[in-house]
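In what follows, a single structure is set out as C-alpha cells and then discussed.
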Amino acid sequence: MPLIHRRIGLLFAGFVGLLAFAGFKASWLGTVKATTLKHAATTQQVSEITVPARRGAILDRHDVELAVSEPADDVAVTPYLVKDVPRAAKVLAPLLGADENDVLRKLARRDTGFVYLARQLPAQSGAAIAKLAIPGVQLIPTNRRMYPRNQLASQLLGRVGVDGHGLAGLEYSRDAVLRGHDGTRRLTKDALQQPIAVQDTVPAEAGKNLRLTIDAAIQSKVEAVLGAVGQVYRPKGATAIVMDPRDGEVLAMANWPRIDANDPSGAPDYARQNRAVGFNYEPGSTFKPFTVAGALGDHVVQPDTKFELGDTIQVADRTIHNNNNEPGGIFTTEQILAQSNNVGTITIGLKLGAKRFSRWVNRFGFGRPTGIDLPGEERGQVLARSKYSGSSMGNLPIGQGISVTPIQMADEYAAIANGGMLRPPRVVGAVGGVPTQTPPGKRIMSARTASDLRAMLEGVFAPGGTASEVSIPGYDLAGKTGTANKVDPRTGQYSTFNYVASFVGFAPARHPQLLCAVMVDEPQGAIYGGVVAAPAFGQIMAFALPYLRIPPH
C-alpha cells in the first residue's frame, strides 16, 4: 500500500506541476506576449490590398473612345515557395505569353523573395493563372491602358507606363485628373485562408474622363492624307492640323510616320514626338502675310499699292532672288503675296523699316508659345531687334532667320481668319463632363487688316498663284504656300538638298469656319509647298468642309 500511495502522490504532484506550468504559460502569453500574438493572428486572418483606380477614358468630341482602361493583373512570384519549378514554368509560360526558359529562370532564382513574371496581364489570363493555384504565385490587381483605334492620334494621346503614370502627350499632362485615387480593401479569412468578409476601407476613386475637341473622322482622314504624302515624297516626317479659327478648337492633329499607341516602343523617337507642337522650322513664304500685315497696319501700303520690281534685290552684302528666278515688273501688294514674290516682300519690309517690323513680329506673338493645352510646346525663335545685322531685313520679311512651330503658324493664320484675334488653341473640350472655357483672345491686327489679308490670300489659288492647281468645287479658299531651306547642322549654312514644304489656309475665304496647316519635313523628289503640301490641304478640306456641313459659297 505505501508503494501505491507514493506512486499516486507522484502522479498527483506531476499533474499539479503541469497545471502550474500551464497556468504560468497562459498568463505569460496573455500578458507579456499578448500584443505580438494578437498581431500575428490578425495578419493571418486579415489582409489589406490596394484596389487600383480605373484611369479615366479619353474620348473624341462625339464620345468615340480613343483611350480606355480595362482590368488586368501583375503576376509575381516568391521563388522559394514554388515546389515543382519545371512544371510551373511549363504551365505558366503560355498564359503569360512568355518563353518557357525565361519563366524558368525567374522561378529558379533564390536571391530574392519577389519577382515579376508579367505586368498588366489581361484579366482573362490572370484568372486562368489563379485557377492553377501554384504556391508562391500571386496576382496583383491593376489596370491596363488600351487604345481602341490603335494608331489614331497616338502622338497626341501619348502613353502610360506600367506603374500607371502618364509618360507622354495628354496621358502625361493630364495624369493628375486621369489617374484617380487608389482604394484599400480589407479581407478577413478563415483558418483555411478563404475570405469570409470583404470591406472597402478606402473606396477607389476613378479618374475623370477627358472629352477632346478632336473629331475622330477628320483625324482619320488627315492621317490617311499624310500617309499618302509619305508614300509619294518619302519625307522625314509630316504634320497637319485642322482647327476652327473662330474659337481655337483643334479638330485634328496628326503626325507621320504613324505609330501604334498600343506598342510605341518599336517606333523611333522622331516618330513618337508630337511635332505639331514640338518641331521648330523656318516658315519661309508662309510668313510673308505677316510682313504685309505689319505694313497694312501702319498704313505703309494698301492691297493695290504698286511697286516696280527687279528680279533681284540687294540688302547690305546679300543679293536675294525671286523664287525660280521669276522676272521683275510692276506688281501690286496683292500680287506680291499671291505670287510669293521675294523681292516685293522684302521691298515692303524695307518700306516698313526694321524697328516697326520687329515690333509687329512681337505683337503677332512669334517667339512665344501659343499656350495650347499640350505638353512639350516649343516657342520658336525670333531675332531680337538689337541683334539685327545689315542684311537681316533681306531675309526676315520672307520667313528666313526666324523659326516657328506648326501650331504657331496655324494659330497665327486663325487670327487672320477670325478678324484679328489671337487666342490659345485647345484640344481638351471637357474634363469629367465639365466643359473647358474658350480662352480669351488678344487683338493683334485690326479687323480691316485681317479682311484685306483674307482677300489677298485668295489670289494664291487664282491663276498665277502658287497654289493655283488646288480647288474645291463650291468653296472659295485662301492660304499661303511656303518652301524653306533647312540649316545643315554640319556646316551651319542653308542646305541645298533639305527643305520644309508647308501650306496654311482656310475656308470659306471671306467668312472662314475651318483652317488647315500642313508641314512636310524634307520631302524627296519635289520640295515646293505648292506641289507637296497644298494638295494635301485640298484633300483634307475637301473632306472636312462637307463633313462639318459648312455650306459652300
Side-chain angles (χ1 to χ4, degrees), residues 245 280-303 305 333-334 336-342 344-368 370 379-385 388 392-423 441-460 466 478-484 500 502-506 512 515 517 519 529:
N280 282 309
Y281 69 101
E282 291 195 0
S285 296
T286 55
F287 184 81
K288 290 176 180 176
F290 300 97
T291 299
V292 174
L296 289 170
D298 278 352
H299 308 292
V300 172
V301 299
Q302 296 297 324
T305 300
T333 303
E334 183 174 7
I336 288 171
L337 201 52
Q339 298 175 30
S340 201
N341 187 288
N342 286 342
T345 306
I346 294 169
T347 300
I348 293 173
L350 292 171
K351 192 175 180 66
L352 180 62
K355 183 177 180 179
R356 289 190 292 184
F357 173 82
S358 178
R359 188 184 73 239
W360 278 107
V361 169
N362 289 324
R363 179 173 176 175
F364 293 145
F366 290 104
R368 295 192 298 271
T370 64
R379 62 174 58 243
Q381 293 179 323
V382 169
L383 189 66
R385 170 68 185 90
Y388 280 23
S392 290
M393 288 304 292
N395 60 280
L396 291 174
I398 59 175
Q400 292 182 338
I402 181 174
S403 70
V404 299
T405 64
I407 191 62
Q408 273 184 329
M409 291 309 290
D411 202 32
E412 295 290 344
Y413 273 78
I416 297 174
N418 69 31
M421 299 297 293
L422 183 70
R423 59 171 49 89
K442 174 184 177 182
R443 181 162 293 283
I444 61 171
M445 66 182 73
S446 69
R448 174 61 184 273
T449 296
S451 177
D452 286 343
L453 285 173
R454 291 196 298 272
M456 287 191 284
L457 290 173
E458 285 188 74
V460 171
T466 56
K480 185 71 187 73
T481 56
T483 307
V500 172
S502 60
F503 188 91
V504 191
F506 43 79
L515 178 146
M519 185 278 297

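Keep in mind that this is a model prediction, so the values were computed, not measured.
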Which value, rounded to the nearest 0.5 Å, describes the distance between [X] atom [atom1] and [Y] atom [atom2]?
X    : Y    : atom1 : atom2 : result
K442 : R423 : NZ    : CZ    : 13.5 Å
I402 : N280 : CD1   : CG    : 10.5 Å
S502 : E282 : OG    : CD    : 11.5 Å
T345 : L337 : OG1   : CG    : 7.0 Å
M393 : I398 : CE    : CD1   : 11.0 Å
M456 : K480 : CE    : NZ    : 12.0 Å

- Side chain to side chain, E412 and V504, heavy atoms closer than 4.5 Å: no
- Evaluate the side-chain proximity of F290 to V361: yes if any heavy-atom separation is below 4.5 Å, no if none is. no
- Note on the structure: The ring pair (Phe, Tyr, Trp, His ring centres under 6.0 Å) partners of F357 (sequence neighbours excluded) come to none
- Message: So, using ring pair (Phe, Tyr, Trp, His ring centres under 6.0 Å) as the criterion, who are the partners of Y281 when residues are at least two apart?
- Response: F279
- Query: According to the interplanar angle, ranging from 0 to 90°, do the rings of F364 and F366 count as parallel (below 30°), tilted (30 to 60°) or perpendicular (above 60°)?
  - Reply: perpendicular
- What orientation do Y413 and F506 show, parallel under 30°, tilted 30 to 60°, or perpendicular over 60°? tilted
- Under the side chain to side chain contact (heavy atoms under 4.5 Å, CB included) test, residues paired with Q408 that sit two or more places apart: T370, V404, T405
- Task: Could you tell me which residues satisfy side chain to side chain contact (heavy atoms under 4.5 Å, CB included) with T449, sequence neighbours excluded, listed by chain and number?
- Result: A293, L296, M445, S446, L453
- Query: Does the side chain of S285 come under 3.5 Å of the side chain of S340 through a donor N or O and an acceptor N or O?
  - Reply: yes
- Message: Looking only at side-chain N and O atoms, does N342 offer a donor or acceptor that is under 3.5 Å from a partner on K288?
- Response: yes
- Task: Determine which pairs satisfy salt bridge (charged side-chain N to carboxylate O under 4.0 Å, His left out) with at least one residue from residues 359-368, sequence neighbours left out, and list them in order.
- Result: D298-R359
At their closest point, which heavy atom of [X] faces which heavy atom of [Y], and how far apart are they?
X    : Y    : result
I444 : W360 : O-CZ3, 3.5 Å
L457 : P289 : CD2-CG, 3.9 Å
P397 : G349 : CG-CA, 4.3 Å
G419 : R443 : O-NH1, 2.8 Å
P245 : P512 : CG-O, 4.1 Å

- Task: Would you sort out whether Q302 and T333 count as a side-chain contact (heavy atoms from CB on, under 4.5 Å), showing the intermediate values?
- Result: CA-CA 7 Å; Q302 296 297 324; T333 303; over 6 Å; no
- Message: Let's go through R385 and N362 carefully: what are the C-alpha distance in whole Å and the side-chain angles of both, what is the deciding distance for side-chain contact (heavy atoms from CB on, under 4.5 Å) to 0.1 Å, and is it a yes or a no?
- Response: CA-CA 10 Å; R385 170 68 185 90; N362 289 324; over 6 Å; no
- Message: Test of understanding: with salt bridge (Lys or Arg N to Asp or Glu O under 4.0 Å), list the residues that count as partners of R448, not counting sequence neighbours.
- Response: D452
- Task: Would you sort out whether F287 and L396 count as a side-chain contact (heavy atoms from CB on, under 4.5 Å), showing the intermediate values?
- Result: CA-CA 9 Å; F287 184 81; L396 291 174; 5.9 Å; no
- Does G420 offer a backbone N or O that forms a donor-acceptor pair with the side chain of N418 under 3.5 Å? yes
